[in-house]
Structures are given as C-alpha cells and as structure tokens.
Amino acid sequence: MPAIVALAVLFGAILTGAGAAQADTSPPSASTPKTVAADALPTAQINGVVWSQVIVGNTVYVGGEFTRARPSGAPAGTSEVSRNNLMAYNLSTGVMTSFNPSVNGVVRAITASPDGSRIYVGGGFSTVGGVARSRLAAFSTTTGALLSDWKPTANGTVRALDAFGGTVYAGGSFTSTSGQSRQRAASFNGPTGAVGAWKGTIPNGAVNALTVSPNGDRVVIGGSFTSYNGATTPGYGMAATNSSTGAGVTWNIGKLIKNAGPNGAILSLTSDADGVYGTGYDFGAGAMFEGTFRASWSSGNTVWIEDCHGDTYSAVPVGDVVYTTAHAHFCGNIGGPPETTPRSYHRTLTFTKAAGCTIAPNQTGSSYFNFGGRPCPTLLAFFPDINTGTYTGQGQGPWNLAANSQYVLYGGEFTIVNNKRQQGLVRFAVSSIAPNKEGPKATGSNFQPTLSTPSANSVKVTWKSNYDRDNEQLTYQVLRNGVVVRTQTGLSADWIRPSISWTDTGRSGGTTYTYQVRATDPFGNTVTGSSASIQATGAANKTAPDQTITPDAPANAPDATLTPDVAPMPDVVPDVVPDVVPAPDVVPEPRVQQDPGIKPMPNDAPAPLPEVPAA
C-alpha cells in the first residue's frame, strides 16, 4: 500500500475511533511492546549535570559535574548535602545513599564489574577523597570504599568504560595509560589495574563510547576520531575491534554512518544480545547523522536507522523497546513529529527494537543526509516532558539513559519534568509498579466542543482530540445535558490531535442543548472539558443557514506543543527483519546546520576540562 494511502486510511480510522494504538503502557494489541509509564517518580536531585549512570542491584551510581545533592521535592539550595561529581541513590525509592567519595573533577563514565562487586569510574579527576587517582578509580559496591589495589592512570580524560570477564575497556582523549602508550583506547586487568594488550592507532579526536559483544570477542568504539589503525571505512568515527589485540574487524554500518572530526561524532554505544545501538550528532561538514541506529553483531550490518533531526545523546534497549534521549525537532521521515515554527523538541523518544517501517525520502532539503528507503523502527507513545537546563550553556535537558527491566532513568541538566521541579535525575517505571496517574492533558476551555446544526433536529459535535503522555488510545464520551450519549475511541499524541465528530440526531427544534466531552485513558484517568450550548432547529422553522457555535478557546492545552496535525505511520511490523548490508561507502556532504549553539564539543561537553597532570 502506498505510504500516503496508508496514512490516509489510518487517519480515517482515528476519526471514527477504529484502529489499534501504537505502543504505550496499555496497548490494545498483545503483540505491541509496552513502554514504561510517564509518571515521574520521586528521585534525588543534583545541582549540575549528569553524564553517566549505572544500575548495580538496587543502587544507581551517578557521575557528572555537580557539588551538591538533595532529596526529591526540595527546592534548589535547600536540604542539600555535599556530593562532588559522584553519588548514588536507591533504585526502588529514589532516596540518596550515603555513598560520598568526593571526586575532585568531572566523572564521564561508570561501569560495573560483571559480578557487580565493584564499579569503575573515569573522567577528568586527579583525586578521590584526597587520594591520588588520575582519571580512573574503582569502588566496592558493598562498602562504597575506594579500592586501593586498582589505580591505573591516564594522561587525558576518560570518557567511556565497559567491562567483560576480567577486563576493563576504556576510551577517551588520553595518549598514555600508566606510562604506556595508548592512543585514546586501552584495557586494564579488572582485579589489578595492570594495562592490557588491547589498543589501536587513533591519531586524533576522542573515543566517546564503547561496548563489548555478548561473548566478549569484540569491542565497538565510537567518537570523533577520523581513522582507526589507518582505516576510514570503517574507522571514521566508528570501528569494531578484536577484544584481545585491538585489530579492526568488519563493521559494515561504519561504511554508511560517518560522523567524525570537528563537526560530528558518535556519542553513545550500548548493546545487548540482539545488536548494538548507537547515537550521534552532526554540526556541519564531515558528519551526516543525527539519530539512533541498530546494527547486528553479525558484521555490523544495518538493522534500522531513525533519522529524527536533532542530536541524540544516549540510547538503551529494554526488552522489545529502545529508549533514547535527544533534542529531536523533526521526525517526519519516519511518521513522527513535524518541524514547527518556533521549533519544538521531543527529548524522550522511544522505538520498537524491531524494524517496522521504511524511512521516507528526506523532507527537509539537502542539508540533511537522505536515508530514504532504509528500514526504521516504529515510534512509540512515551512522551514525558523534560525541559532544558542552563548548567552547560548548551540548551539541553537529558544527556544520559540507564535502564533495567523495571526502570528507565534519565540524567542530565534539566530542572523540570512533567511541569514539576526535578533537577538532573528522574526515574520512570513499568505500569505494574508506577502510579499510572498521567492522564489526558487538555482540560477545561482547552477541551471544548464546537457545535453546529447540519440539518433539522440534529446537532453535530466536533472536538479536537485530547492527548496523554503514555497512552495513544483514549476513550471519548459525549455528554448531552450531563448524560453520556456517545462513546468512542481515538488515537492521538501531543503533536497529532485530529478532530473527531459525531452527529446527535432526533433533537427537538427550538430546544437548547448543552454538550461536553470527557476523555479517559486505559487506567481510568479522566478529564471533562468545558461545555458549549446550541439551539436545535426543526423542519418547519428552519429558514436560516446552519448555525455554528465555536467556543472561544485555544485548540491546545497550555503545555501542548503547537504543531500541525500529522498522521502517524501505520503500525506494520514485518515477520522477519533481515540485516541490511549498507551501500558502498558514503562520503558526508557539507550541510547547513539548523541548530547553532547547542551541540556538544567533539572532545568534551560542555567544555574541555583542563588536563590534570598524571599522578
């Protein structure tokens, strides 16, 4: 079915209340993956920015740039305690723990040992609790103590860490570790800290991210470097390596997605048994990708790409869902939110792990690379609102994601979540343990019907769909004089709120009727809009043209994104999603950047920390 026809069919289904919603906390189809609920759970707060998080058991370890932390609900500057760049909180309650190592510089990366007995941290620090530690340190998860038997050094910022078996892998902007030459990539013995054999030739830029394959045979790295071991296809911003030696191995998606140099980079890499998930940014010539990709472990073949315009900072797979954080301002190529004027952003995009659509030809001109025709994931209905912060000066909100089977955690520099004060950290949980109180958002005069008399003895009731942060299908009830006379369903999101109409027949001419519309989500959260009244016309006395009463109220709720209605892509998931081998090497074309001033620096965001002399 042609895409335009498919969209028209789905749009018609929305208007009549037919069709199935895309994924949310209560999808109508059992085959559709569920997202977590959009209720922002009480979580400890920080006074700066979070760059990294890791979950170990029921504890969340948090690293970044901050000096103070406080309980959920406490205004900035109140109930604060000292927490310098590294802290922890209880995953189930959101309450801060006593873990307080006092790191004297930025923490960029945290990972846990495979057995969960220790965490490794990396960044730009030189001491921990007054004890010398040059950009690398390890802590016991049992006692919280700094481990005295693990103290390798690096002469530049460490930005990425992962561990497998008895090995810790690190990436960053360093050129030596513990006195041995290592260009931006190094490995260490997990128990002792001794420098390992894994290394590569990375002459410039930085390694921002890395992830280890499930069987430990490969390490995929990403960053702003322009070659790896002398190769650029792949090797330009991404490479897959032998985990023992660092030798390059096949990584086909690196022949398609090429982000490196001063204007672009791969910003994050995570993985599971089903593949690798990467994100990137593009700020001009030499880069060409903003969004998220999924590649298979088999040769790094492309499984899907979502090319939402707007840098994407982090992605994490959970079951059949992939959560991302970005400042996406256009997802029209995959049936998502359109570009708006003034520009609006969706910072919490979520997708199916499986491919479910095909990217449309790019609609925004030659300044963005055209990924049209390649497979894409289906956009899911999980849209909590997270604002921008001011700490980095880059106009961003969340920068980092962590998750397990029950919780999804955002960290960054934001100060408001779902219109409530919450700084730097927030938790979301699966419906079974969430409050499930995020209901329809448009209320009162912002959710008021328009009435008309299209014929004798009838009243047409028309209303703009409501919307919900985590449920796409809502139930609508039309009330006449306070009594429910019509019930139907419809699909909507903050950026797509189609109009719905119903004609009430059998009315008495000359009689005035009052109508309201009530919206209810699958968890029983309900709002009833303001009322409107109209006098029905009769067959004998209908001489004037049809009268229409349109309430004088805005169409969107105050916190809604004012965007044109665009129908979502149909929810079609293929039975089998084959790996897609990318086309021959793509050379990034110069592009006009549409988002000046809000990109991370290639080497260190928000600004490079002065290098601390190695201890």
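None of the values given here were measured: they were computed from a predicted structure. Sequence positions, counted from 1, serve as the residue numbers for this chain.
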Donor-acceptor pair, [X] side chain versus [Y] backbone, under 3.5 Å?
X	Y	result
Asn418	Asp385	yes
Thr378	Thr352	no
Thr388	Gly395	no
Thr503	Lys460	no
Tyr323	Val36	yes
Gln394	Gln396	no
Asp470	Ala38	yes
Asp39	Lys437	yes
Gln535	Thr512	no
Asn400	Ser314	no

*Tell me, do Leu474 and Ser465 make a side-chain contact under 4.5 Å, heavy atoms counted?*
no
_Pro375 side chain near Val303 side chain, heavy-atom distance below 4.5 Å_ = no
Among side-chain atoms of [X] and [Y], is any donor-acceptor pair under 3.5 angstrom?
X	Y	value
Thr415	Asn387	yes
Asn47	Tyr391	no
Thr292	Thr279	no
Arg518	Gln516	no

Which pair of heavy atoms, one from [X] and one from [Y], lies closest together, and at what distance?
X	Y	answer
Arg347	Pro398	CD-CD, 3.8 Å
Arg497	Ala442	NH2-CB, 3.5 Å
Ala532	Leu451	O-CD1, 3.3 Å
Ala536	Thr453	CA-CG2, 4.3 Å
Pro361	Asn333	O-OD1, 3.6 Å

_Checking Asp274 now: which residues fulfil side-chain hydrogen bond (donor to acceptor under 3.5 Å, both in side chains) with it, not counting sequence neighbours?_
Lys353
*Listed by chain and number, what are the side-chain hydrogen bond (donor to acceptor under 3.5 Å, both in side chains) partners of Arg421, not counting sequence neighbours?*
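Partners of Arg421 under the side-chain hydrogen bond (donor to acceptor under 3.5 Å, both in side chains) test: none.
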*Looking at the rings of Phe382 and Phe428, which for Trp means the six-membered one, are their centres under 6.0 Å apart?*
yes
_Set out, in order, the CA-CA distance, both residues' side-chain angles and the distance that settles side chain to side chain contact (heavy atoms under 4.5 Å, CB included) for Trp304 and Cys357, then state yes or no._
CA-CA 9 Å; Trp304 52 249; Cys357 59; over 6 Å; no
Ring-plane angle category for [X] and [Y], please: parallel below 30°, perpendicular beyond 60°, tilted otherwise.
X	Y	answer
His309	Phe330	tilted
His329	Tyr345	perpendicular
Phe383	Trp495	perpendicular
Phe371	Phe289	perpendicular

*Could you tell me which residues satisfy salt bridge (charged side-chain N to carboxylate O under 4.0 Å, His left out) with Arg507, sequence neighbours excluded, listed by chain and number?*
Asp504
*Do Gln53 and Leu425 pass the side chain to side chain contact (heavy atoms under 4.5 Å, CB included) test, and can you show the C-alpha distance, the side-chain angles, and the key distance before you say yes or no?*
CA-CA 10 Å; Gln53 306 172 84; Leu425 293 163; 3.7 Å; yes
*Could you walk me through whether Asn446 and Lys441 pass the side chain to side chain contact (heavy atoms under 4.5 Å, CB included) check?*
CA-CA 9 Å; Asn446 297 304; Lys441 307 313 298 178; over 6 Å; no
_Partner of Tyr410 under side chain to side chain contact (heavy atoms under 4.5 Å, CB included), chosen from Thr43, Val50, Thr325_ =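 The option that passes is Thr325.
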